[in-house]
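All values below come from the heavy atoms of this structure, side chains included, with hydrogens, waters and symmetry mates left out. All ligand and atom numbering here is 1-based and tracks the order in the structure.
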Amino acid sequence: MLLAELSDTRTHADLGFCRQNPNMLCLPLRSISPHPKIHVGSQNQVFRFLSTTHFVHLHQRRKYSNNIVHRSYEYSSCPCSNSDTGSFNSSEEEFDMELGRLLRLLPEEMRRRVNEHQELHQLIEVVMDLGRKPLARFPSGDFVLSDHLITVDDLLHATSLVGDFAIDNRAGISRTLHRISAIRNRKAAIIGLTCRVGRAVSGSAKLLQDLVKDGASLLLIGPPGVGKTTIIRDIARMLANDYKKRVMIVDTSNEIGGDGDIPHAGIGNARRMQVPDSDMQHKVLIEAVENHMPQVIVIDEIGTKLEAAAASTIAQRGIQLVATAHGITIENLVMNPSLEMLVGGIQSVTLGDEEANRRGVQKSVLERKGPSTFDCAVEIISRVELRVHSSLEATVDAILSGRSPKYQVCKLNQGEVDVTIQNDPIAHDSFVKKSVTTIEGIPQWTDEKLTSDKHISKESQSDKENSYDKPPLCLFLYGVSETSAIQVFKHLKMDSAVEFTENISEADAILALLSKIRKNSRIQAAAHSNDIPIYVTKTSSLTQLTKAIEALVTDYDNGFEDIEDQTQINESEKTDALEEVRIAIEQVVIPKGQPVELLPRPSSIMLLQKDLICKYKLQAQQVGSEVDVRLRILPFQGNKEDKDPGERSDDHDDENDDDGGGGGGEFSELSETNGSVYPMVRLPFLPD
Ligand SMILES: Nc1ncnc2c1ncn2[C@@H]1O[C@H](COP(=O)(O)OP(=O)(O)OP(=O)(O)O)[C@@H](O)[C@H]1O
């Protein structure tokens, strides 16, 4: 078949000679399909058209015409791996060459089908399982490579071309970054192969350059295949080449530096220590520190307690650590008994009554045991999106106390880095804030410092800036997510007028989810003793939350003055309270014969509620301590067994229920039974 025509003899210098048959020219060719006829007219075109994933033999023919030698070539496939073709040394061409070496593991037909695939250069893996059709995995999905089922011979052919499989069942191809993982049967024979394409992606660490360049230890977390190894390989290269650091890679499966004894060029000047057996990883880590004086240690896949302990020892010696671990979020690490050490370890502590009250939490809480091994952590969401936790300790503390951690979202957007900050309502150092619009269009917060050297979507920066003369409203949230609250404040253009606290005593007001706060008498007591009004929302929906926040903001603007005057009963609260009685009776007490506890109300309102209950020929009981006195409506049948109406029931078990305790005991939760949405209500203080 006629493949190429060369009218310029200089082109010969760029072709190699086949190792198997020196009389043959060997032409590296990116793909012979879908255009099997490639016209080569000049040296430049040779470079443009030809690459190294695929070799063919050229059979030259000469023709003389007008004193010019015209050469044409026919080709046939060549099984050799000709690296003597020289010249093709751009990184793309090197990659083509390496990819070709992986594809050589495949039987002829499969290799042809992969080569023909439009996404050849994005190939992720080839999967060969005995007795099944082979698959190629591309970012766009799986692609069947052949209708022929994989045979034992196919597997033997592939395994004969790779290095030895280590104890972790992984092997490589010398001087490439590919990873071949084997599946064995019970007799240890290989019955499946996953051939992962490894590539050095220079620039993949760009998003993290600022984090690591000054020596901070970094932990990367992500699910399998998201690109962790690719990023740390580039971090190793960047720190060694650009920042001239002594970088040592502890390469457990030879995935970072590639197979073979000479490391892949992708790690730059970083050095690499191989690990004879994955169980020895922690020992090699320590050896690296003791023998080779590294400034940075890079390690892929910390997975066991021993490895976590070794990493923590290294960090204590002041060496910068860059490592990966499997998981989706930092919460996964916190919950993983083998890896929790990486975040400082977790312990359960029992607080004194006063401290628990102050914090508004249960007496037994989880806390971080000590300093975390890493300064910062990154959750890899995709190749172009990272969640950067610049203080891992702060993130862990937030998770343990039930708050959403603050983090930056970095997105690579056509070569630019978009940075947004999540859950960062306050920049405490200065109140200069700017709103930026994230890619999803949700307004978020950021501050000058964090955005100074980054590209940020420019949309509406200045017009959203707010300045308020009043000190910011300081809120304690309970059962309400900070993100939702911020969204509402943003919507109300109150973005620079609010801050959040974890300390009730610092708060101007409490904003709480009704179902949660009604069960936590400690928070109510703490609010009462600190003279802080509580505003509640029945649901977390933005509509309900907006109503609650609007009421709160209005009262805040009035200095919470009307809070003191308990005699002025808000008309709408009266309506709410009576509606609450009506729904409770008509939907629960009468049809189900169950008692229902109402919300705590001022005594004047409770009187109105009692009147209404009497009209239904039912009885009510007053329960609760002084800060949350409320009525319990008793069902008809149960009246005789129950305590006398009016009896105070301060000693009820549910009084001390916290939010996790499933409080309510024998009583129906009105919110759960009536299925309707309560109007937003505000819990005012009851008179002493
Ligand atoms: N930025 C990128 N551009 C192109 N391909 C990439 C990029 N990052 C990763 N890949 C490819 O994605 C695949 C998985 O990458 P990698 O091995 O780095 O993931 P990983 O998270 O370390 O996986 P595992 O946890 O299974 O070891 C590889 O084929 C790799 O070449």
Side-chain angles (χ1 to χ4, degrees), residues 53 91-92 94-99 101-103 105 114 117 119-127 135-143 166 168-173 176-183 193-209 218-238 249-259 264-267 275 278 281 298-303 307 322-329 332-333 339 377-387 410-415 417:
T53 56
S91 57
E92 191 185 340
E94 278 165 14
F95 172 67
D96 286 343
M97 173 98 78
E98 289 181 20
L99 183 58
R101 297 187 63 194
L102 181 83
L103 299 185
L105 308 187
V114 177
H117 200 283
E119 287 179 277
L120 174 65
H121 283 83
Q122 279 88 55
L123 178 65
I124 297 171
E125 281 176 346
V126 175
V127 173
L135 291 178
R137 291 190 175 139
F138 294 97
S140 59
D142 290 356
F143 174 77
D168 58 2
N169 273 324
R170 290 177 180 180
I173 302 174
T176 73
L177 300 171
H178 310 312
R179 183 180 88 186
I180 321 298
S181 309
I183 298 176
L193 290 176
T194 307
C195 309
R196 157 86 52 94
V197 180
R199 35 171 85 72
V201 185
S202 181
S204 52
K206 196 173 168 227
L207 285 173
L208 302 172
Q209 187 171 352
L218 169 68
L219 180 65
L220 293 141
I221 307 162
V226 76
K228 299 182 293 294
T229 310
T230 308
I231 293 178
I232 52 166
R233 182 184 300 121
D234 201 42
I235 292 178
R237 181 201 57 76
M238 182 176 73
I249 297 169
V250 173
D251 205 359
T252 312
S253 305
N254 276 6
E255 263 196 271
I256 308 179
D259 209 43
H264 191 274
I267 66 169
V275 180
S278 49
Q281 191 197 63
V298 174
I299 178 167
D300 206 3
E301 287 189 21
I302 297 184
E307 289 158 11
V322 179
T324 70
H326 278 290
I328 314 278
T329 60
N332 298 146
L333 290 189
L339 300 184
V378 168
E379 294 161 350
I380 307 179
I381 308 300
S382 72
R383 285 180 200 166
V384 290
E385 182 177 346
L386 307 176
R387 285 187 186 164
C410 296
K411 291 187 184 182
L412 206 54
N413 194 5
Q414 296 180 335
V417 182

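Rounded to the nearest 0.5 angstrom, Thr230 OG1 and Ile256 CD1 are separated by 10.0 Å. Considering CD1 of Ile183 and OG1 of Thr194, their distance stands at 5.0 Å, rounded to 0.5 Å. For the atom pair CG of Leu207 and CD of Glu385, the computed distance is 10.5 Å after rounding to the nearest 0.5 Å.
Residue-ligand proximity: Gly222 is placed with every non-hydrogen atom at 4.0 Å or more from ligand 1.
At distances below 3.5 Å, not a single donor-acceptor pair connects side-chain atoms of Asp168 with backbone N or O atoms of Ser278. Side-chain atoms of Arg233 never come within 3.5 Å of backbone atoms of Val201 as a donor-acceptor pair (strictly under, hydrogens ignored). Remark: the backbone N or O of Ala205 is paired with a side-chain donor or acceptor of Asp234 at under 3.5 angstrom.
Contacts of Glu301 with ligand 1, taken as heavy-atom pairs under 4.0 Å, involve the side chain alone. Residue Val201 touches ligand 1 through its side chain alone, judged by heavy-atom distances below 4.0 Å. When non-hydrogen atoms are compared, ligand 1 lies under 4.0 Å from the backbone of Arg199 as well as from its side chain. For His326, every heavy-atom contact with ligand 1 shorter than 4.0 Å involves the side chain, none the backbone.
The option with the heavy atom closest to atom 22 (O) of ligand 1, from among Thr229, Val384, Leu220, is Thr229.
Where the criterion is an N or O separation shorter than 3.5 Å, residue side chain and backbone included, Lys228 meets it with respect to ligand 1. For Gly225, a nitrogen or oxygen atom sits less than 3.5 Å from a nitrogen or oxygen atom of ligand 1, counting backbone and side chain alike.
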